[in-house]
Student: 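I'd like to ask some things about the structure below.
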2 protein chains.
Amino acid sequence: MTIKRPRTRRKLGRRTVSELVVVRLILYRRILRDLAFSGTRYVFSHQLAILADVTPEQLRRDLMNVRYEGSPTRGYEVVALEERIGAFLDPPTTQSVALVGVGNLGRALFAYFLGRRPLLQIVAAFDIDPAKVDRMINGCPSYHISEARTVMRDKGINVAMIAVPAAAAQSVADILVEAGVRSLLNFADVRLRLPPDVYVEHIDIGVTLEKVAFFARRPVAAAKDVGPA
Amino acid sequence: MTIKRPRTRRKLGRRTVSELVVVRLILYRRILRDLAFSGTRYVFSHQLAILADVTPEQLRRDLMNVRYEGSPTRGYEVVALEERIGAFLDPPTTQSVALVGVGNLGRALFAYFLGRRPLLQIVAAFDIDPAKVDRMINGCPSYHISEARTVMRDKGINVAMIAVPAAAAQSVADILVEAGVRSLLNFADVRLRLPPDVYVEHIDIGVTLEKVAFFARRPVAAAKDVGPA
DNA sequence: GCGGCGCTGTGAAACGCATAACAGCGTTCT
DNA sequence: AGAACGCTGTTATGCGTTTCACAGCGCCGC
Ligand SMILES: NC(=O)c1ccc[n+]([C@@H]2O[C@H](COP(=O)([O-])OP(=O)(O)OC[C@H]3O[C@@H](n4cnc5c(N)ncnc54)[C@H](O)[C@@H]3O)[C@@H](O)[C@H]2O)c1
Ligand SMILES: NC(=O)c1ccc[n+]([C@@H]2O[C@H](COP(=O)([O-])OP(=O)(O)OC[C@H]3O[C@@H](n4cnc5c(N)ncnc54)[C@H](O)[C@@H]3O)[C@@H](O)[C@H]2O)c1
């Protein structure tokens, strides 16, 4: 959903990997986990590609980045590939995440991330409402936003999600960045303006729904890939 | 956040407009609304561009698609441009939307869309849990998923949001499509496999948070646009 | 009144990404 | 055993989008 900003890249060895590749690798990894869970041992590029909704060529190309080689006859070994992608994606240690804004969306996010992703844990919530502060929310302490700096430092948090009203989002973001957060996921419907060394991703549900509604009215897609004669 | 699928396009006159342009137009329009609300009458491309986090060139190029001409000296007239974009984006009549899955996320979405966007209204909720069915949720009736076909037809719904567990998402999507839905916004973390004439957009919050966390660890971006000498 | 400025609209170039095409090779079937 | 198949890794091609660059022009100041 996101707009411009010079594409952030990250080096692996001497290669450089685009954001789009990173996103797809994350997706592949999740699918591989599901496959492993269901007992699948080997998988071909075209099978994985269907599950990820990409072309097999793109999948193979993406896999070049993590230096994992499959067998032409067996395909890819599920757990080995999953681990190889993990070695590229995962942090050396568990990453701590903060969530700012314990409203409707914030609480839903809490419920969602509970127990998933052991390497990515929400360890602090922030709000400005006295009624929501200094309590436990899903087993996680909530603080007043004014304590951001202290808490971030003590818990080593460098990632945050913003789920506050649009009017408050920019000021909250500024506080977070000042408190040492390097990377933000923003749900409020305002584009945040931040220093270029801070990574920001916007999830703009309102815009996305409008987009979906817009394309519900489009002329029928040129279905060029319907079945063979 | 979304992956591939041949870009959906839509004709305007004899031109064709890409998804990316549509998204940005939606965004511009929202910003213009805010500007109008705050009393601004004229705006230059570089000002609007900052608010939208795009380059002025891209903004102007996007505006070519809606055939609105600004004045070199005054810039764009806020309300006129807003209306012109609206004429391109908006449906001839109010569009009805369904929401499937009245769990944590579903309820948050309800709260969020309440009263916004008069042209885009949630008019029906669906669930499978007897406790959540046949009641009013934020002034909107909820039905058992088995009634989908009837309700969709009666209310003329062709857009739906999916907020059910991943395991149920594909079957729910199939039901919706069969009931006449043309366009879907899916929050469950599975890629839906649907006929090519159905438009699907995925909002994959888990993947997005992983992405954000990944780039929190990146080398500092090459800040090439820092201030002048 | 005229020159210069700064903005818009747009053609042309550059870039990044996806798609297509192909070489290598282990397996399997004849 | 030999040949043919199918899948992988990789190089090359094409396309869509963004960025650059500039022509046109109304206004403002001199
Ligand atoms: N609810 C949704 O499904 C949804 C969907 C899309 C976008 N959003 C966006 O997410 C944001 C939150 O939505 P919501 O529905 O949870 O709203 P909400 O009103 O339920 O919750 C907002 C929370 O932020 C807190 N808050 C306000 N100002 C703050 C500040 N300065 N510092 C810290 N906390 C502050 C409030 O006390 C409240 O708890 C909004 O910007 C909304 O546009 C929500
Ligand atoms: N909560 C979040 O913030 C969040 C974030 C990202 C993604 N998601 C995804 O959104 C989906 C919903 O999340 P949630 O937190 O609201 O879960 P939830 O368990 O709170 O709600 C799911 C709802 O779907 C209903 N349901 C189950 N099967 C159904 C079916 N076949 N037909 C109709 N309704 C059915 C359940 O009765 C329940 O009300 C999940 O796929 C989740 O992965 C949620």
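Just the heavy atoms: all of them, side chains too, but no hydrogens, waters or symmetry mates, feed the values below. Residue numbers start from 1 in every chain, and the chains themselves are labelled A, B, ... in the order their sequence lines are given, proteins ahead of strands.
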Student: Quick one: the side chain of Arg61(A) and the base of dT10(D), do they pair up donor-acceptor inside 3.5 Å?
Tutor: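 Looking at the base of dT10(D), it does not pair with any donor or acceptor on the side chain of Arg61(A) (distance under 3.5 Å).
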Student: Going by atom type alone, with no hydrogens or angles, which donor-acceptor pairs under 3.5 Å involve a side-chain atom of residues 169-181 of chain A and a protein atom two or more places apart or on another chain?
Tutor:
| from | atom 1 | to | atom 2 | distance (Å) |
| --- | --- | --- | --- | --- |
| Gln170(A) | OE1 | Arg193(A) | N | 3.0 |
| Gln170(A) | NE2 | Asp174(A) | OD1 | 3.0 |
| Gln170(A) | NE2 | Arg193(A) | O | 3.0 |
| Ser171(A) | OG | Ala168(A) | O | 3.0 |
| Glu178(A) | OE1 | Arg149(A) | NH1 | 2.8 |
| Glu178(A) | OE2 | Arg149(A) | NH1 | 2.6 |

Student: Indicate, with a heavy-atom threshold strictly under 4.0 Å, whether Tyr68(A) touches base, sugar-phosphate, or nothing.
Tutor: sugar-phosphate
Student: Are any of the side-chain heavy atoms of Tyr199(A) and Leu184(A) separated by less than 4.5 Å?
Tutor: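 No, too far: nothing below the 4.5 Å cut-off.
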Student: For Thr94(B), give me all partners under side-chain hydrogen bond (donor to acceptor under 3.5 Å, both in side chains), at least two apart in sequence or on another chain.
Tutor: none
Student: I'd like to check the salt bridge (charged side-chain N to carboxylate O under 4.0 Å, His left out) partners of Glu82(A); sequence neighbours left out, ordered by chain and number.
Tutor: Arg33(A)
Student: Between dG16(D) and Ser18(B), is there an OP1 or OP2 to side-chain N/O distance shorter than 4.0 Å?
Tutor: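 Answer no for this pair, as no side-chain N or O of Ser18(B) is under 4.0 Å from OP1 or OP2.
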Student: Can you check each nucleotide of nucleotides 25-30 of chain D against protein heavy atoms at under 4.0 Å and return B for base, S for sugar-phosphate only, - for none, in 5' to 3' order?
Tutor: --S---
Student: Can you see if the side chain of Arg67(B) gets near the phosphate of dT10(C) - specifically, an N or O under 4.0 Å from OP1 or OP2?
Tutor: no
Student: With sequence neighbours left out, which residue pairs that include part of residues 83-93 of chain A fulfil the side chain to side chain donor-acceptor pair (under 3.5 Å) condition?
Tutor: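 Qualifying pairs: Arg29(A)-Asp90(A).
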Student: So, does Arg60(B) get its side chain near the phosphate of dT8(C), meaning an N or O under 4.0 Å from OP1 or OP2?
Tutor: yes
Student: Please check the phosphate of dC7(D) (OP1 and OP2 only) for any side-chain N or O of Ser45(A) closer than 4.0 Å.
Tutor: no
Student: Whether Tyr76(A) contacts dG9(D) is assessed here as follows: a side-chain N or O lying under 4.0 Å from the phosphate OP1 or OP2. Is that the case?
Tutor: yes
Student: Under the salt bridge (charged side-chain N to carboxylate O under 4.0 Å, His left out) test, which residues partner Arg41(A), sequence neighbours left out?
Tutor: none
